[in-house]
Participant: 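Take this structure first; my questions come after.
Side chains are part of it too, since the values below use all heavy atoms of this structure and drop only hydrogens, waters and symmetry mates.
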Amino acid sequence: MGKLYSFINENLWLAESGFILTATAIILVMWLKIRNFLKIRAEESKSPWDDIWAFSLHTPMTLLIVVVGLEKTIAVLVTQFPKYQNVGEFSNTAQETLFTIAIFWVLWRLISGMERHYKDNTLKIGDKNVDSGSMYSIFRIFRAAVLVIATLTLMEALGASISGILAFGGIGGVIIGFAAQNTLSNFFSGMVIFWERPFVIGDWIRCPNINVEGVVEDIGWRMTQIRTFDHRPLYVPNALFSGNVIENPQRMTNRRIYEYMGLRYDDIDKMESVLADVRTMLKEHDGIDQEKIQMAHFDRYGASSVDFFIYVMTSTTQWTKFHDIKSDVLLRIAAIVKKHGAEFAFPTHTVHHQLGASQTPPPPIENK
C-alpha cells in the first residue's frame, strides 16, 4: 500500500490526467442523457424552440466536451515532457479553434432549425405576416454573417492579423468590384427586392419590357427563378427588375370585365330598355363587387352597329372563377337582348344603286 501511495505521489500528473479523462467521460455521459431528455421533451412539447435548441446543441456540445477534456489532458502530460512543449502549444491553439467552431456551429444549426420550422409556419411580427420568401432571405443573411464572423475569428485564433486582412479586403474589394460589376449589380438588386418586396415567392408577376411572365419560385442573390405558364423555368438576373416595370397581378383586389357589344341599327329604339335590364342584372349578380363602379352605357355609332359597353369588377381575383363569372354575365346579356326582340349586329354593307332616266330595271330572275 505504501509503494502504491509513493508511486502516485511521484507520478501525480498521471493521476491528474486520469481524473480529467474520467471527469470528461462522466460529463459526456451526463450530456448524452440530457440530450436524450431534450429530444424526448422536444417531441412531446408544442413549443418549436425545444426542438430547435435540441437540434442546435446536439453534435457541437459533444465535440466541445471531448475537445476540452483532451486539451486539458494534453496540457498535464506536456508538463512532464518538456521536449513536447510544441505539442502543448498546438493543442491549445487547436482547442481555441475547435471551441470557436463549436460555438459558431451551434449558431449555424440554430439558424437552420429556425428556417426549417418557419418554412412551414408563418412568422408574425406585429400585425403583419412575414412571407416565406422574406424569411428565406433573412436566414441567408444570418448565415452569411455567421460565416464571415466565424472566418475572421478563426483566422485571429490561428495568429493572422485581422487589420491586414481587412486592409487587403478593402483593396481586393475594389478589384473584385471592377471585375464583377454585373454580379454586384444583381446582388444589390436582390437586396432591394428583399427590402421593398415588389414580389415574393409564389407571386404571379409580369414584366412587359423584357417579355417575362410567370410564378416566382425562388429569389436568389444573383437571379430570380420564374416558372412560366407553359412550365418552362426562367432564370432572370435581379438587375433587370430594377430597371423595368414589374406588374404583380397576384396583389390585385378585383378583376375587371370591360366589354363592347353592338346591336343592329334597326334595334336602336330598344337600346334604353336593354341597358336598364343589363344594369339591374349586374346589381343583382353575386359575382360582381357591388361596392365598385358599375357602368352599362350606349357609347357610339359603329359602322354597322350601335355599340354599348359594360364596365364592372368581379368579387374574385382567381383566374378560373373570374372567367366563370364573365361567361355567365355575357350569356345573361345575350338573353336580355333576345328577350327584347333585338339582335346583335354583324358587319353588313348596304349598296344603293340609282338608275338613270333611260335605264329600266332588269327583269326579276325566276327560279325554275
Side-chain angles (χ1 to χ4, degrees), residues 108 111-112 114-116 118-149 151 169-258 313-314 316-323 326:
W108 186 276
I111 294 171
S112 299
M114 293 174 63
E115 182 180 14
R116 183 181 60 181
Y118 289 113
K119 181 180 180 181
D120 302 319
N121 298 274
T122 302
L123 175 63
K124 191 170 185 179
I125 299 179
D127 297 331
K128 296 183 178 180
N129 294 329
V130 181
D131 57 90
S132 59
S134 298
M135 290 301 302
Y136 182 58
S137 300
I138 290 171
F139 289 129
R140 283 193 299 184
I141 292 173
F142 284 163
R143 276 205 188 92
V146 168
L147 186 61
V148 170
I149 296 173
T151 302
I171 299 172
V174 174
I175 298 173
I176 293 173
F178 281 110
Q181 294 183 26
N182 292 335
T183 300
L184 291 176
S185 176
N186 291 324
F187 171 78
F188 286 112
S189 296
M191 295 299 296
V192 171
I193 291 172
F194 164 68
W195 289 113
E196 295 188 353
R197 297 197 298 176
F199 56 82
V200 296
I201 294 175
D203 279 359
W204 161 28
I205 65 171
R206 180 187 297 124
C207 298
N209 297 359
I210 55 177
N211 195 26
V212 169
E213 182 177 7
V215 178
V216 178
E217 290 190 338
D218 181 58
I219 304 173
W221 291 116
R222 194 176 69 86
M223 61 178 57
T224 296
Q225 180 179 339
I226 296 174
R227 182 74 59 175
T228 63
F229 292 117
D230 56 356
H231 297 281
R232 290 182 299 163
L234 290 181
Y235 300 91
V236 184
N238 290 330
L240 290 178
F241 293 116
S242 62
N244 289 284
V245 175
I246 303 173
E247 181 184 348
N248 193 335
Q250 195 79 16
R251 297 180 184 176
M252 67 172 65
T253 57
N254 303 85
R255 287 186 180 273
R256 182 183 66 176
I257 300 177
Y258 183 31
M313 298 291 178
T314 63
T316 182
T317 60
Q318 188 174 341
W319 183 247
T320 54
K321 290 184 179 179
F322 162 74
H323 280 287
K326 181 178 179 180

Participant: The criterion is side chain to side chain contact (heavy atoms under 4.5 Å, CB included); which residues satisfy it with N254, sequence neighbours excluded?
Facilitator: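 N254 satisfies side chain to side chain contact (heavy atoms under 4.5 Å, CB included) with D289, K292, M313 only.
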
Participant: I'd like to check V216 versus V200 (side-chain heavy atoms, cut-off strictly below 4.5 Å). Are they in contact?
Facilitator: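 Not touching, per the 4.5 Å side-chain cut-off.
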
Participant: Supply the atom-to-atom distance F199 CZ to I226 CD1, rounded to the nearest 0.5 angstrom.
Facilitator: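 Answer for the CZ-CD1 pair, F199 versus I226, is 6.5 Å.
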
Participant: Can you tell me how far the NE2 atom of H323 sits from the OG1 atom of T316, to the nearest 0.5 Å?
Facilitator: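 Those atoms lie 11.5 Å apart.
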
Participant: Sequence neighbours left out, cut at 3.5 Å: what donor-acceptor pairs do the side chains of residues 234-242 make with other protein atoms?
Facilitator:
from: N238; atom 1: OD1; to: T224; atom 2: N; distance (Å): 3.4
from: N238; atom 1: OD1; to: T224; atom 2: OG1; distance (Å): 2.7
from: N238; atom 1: ND2; to: N186; atom 2: O; distance (Å): 3.4
from: N238; atom 1: ND2; to: G220; atom 2: O; distance (Å): 3.1
from: N238; atom 1: ND2; to: W221; atom 2: O; distance (Å): 3.3
from: N238; atom 1: ND2; to: R222; atom 2: O; distance (Å): 3.4
from: S242; atom 1: OG; to: A239; atom 2: O; distance (Å): 2.7

Participant: Given T317, which of R251, M252, Q250 fulfils the side-chain contact (heavy atoms from CB on, under 4.5 Å) condition?
Facilitator: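 Per the side-chain contact (heavy atoms from CB on, under 4.5 Å) rule, the option paired with T317 is M252, out of R251, M252, Q250.
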
Participant: Could you pull out the closest heavy-atom pair between P233 and R227, with the gap in Å?
Facilitator: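 Closest approach of P233 to R227: CD-NH1, 3.5 Å.
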
Participant: Got a sec, which residues hit side chain to side chain contact (heavy atoms under 4.5 Å, CB included) with N211, two or more places apart in sequence or on another chain?
Facilitator: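 Expected list: none.
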
Participant: Give a yes or no answer on whether the side chain of D203 reaches the backbone of N248 with a donor-acceptor pair at less than 3.5 Å.
Facilitator: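 No; judged by distance alone, with no hydrogens or angles, the pair does not exist.
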
Participant: For Q225, give me all partners under side chain to side chain donor-acceptor pair (under 3.5 Å), at least two apart in sequence or on another chain.
Facilitator: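 Once residues adjacent in sequence are excluded, the partners of Q225 under the side chain to side chain donor-acceptor pair (under 3.5 Å) criterion are E217.
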
Participant: Test of understanding: with side chain to side chain donor-acceptor pair (under 3.5 Å), list the residues that count as partners of T320, not counting sequence neighbours.
Facilitator: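 Counting only residues at least two positions away or on another chain, T320 forms a side chain to side chain donor-acceptor pair (under 3.5 Å) with Q318.
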
Participant: Return the set of residues passing salt bridge (Lys or Arg N to Asp or Glu O under 4.0 Å) with R206 (not counting sequence neighbours), or none when no residue passes.
Facilitator: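 Residues passing salt bridge (Lys or Arg N to Asp or Glu O under 4.0 Å) with R206: E213, E247.
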
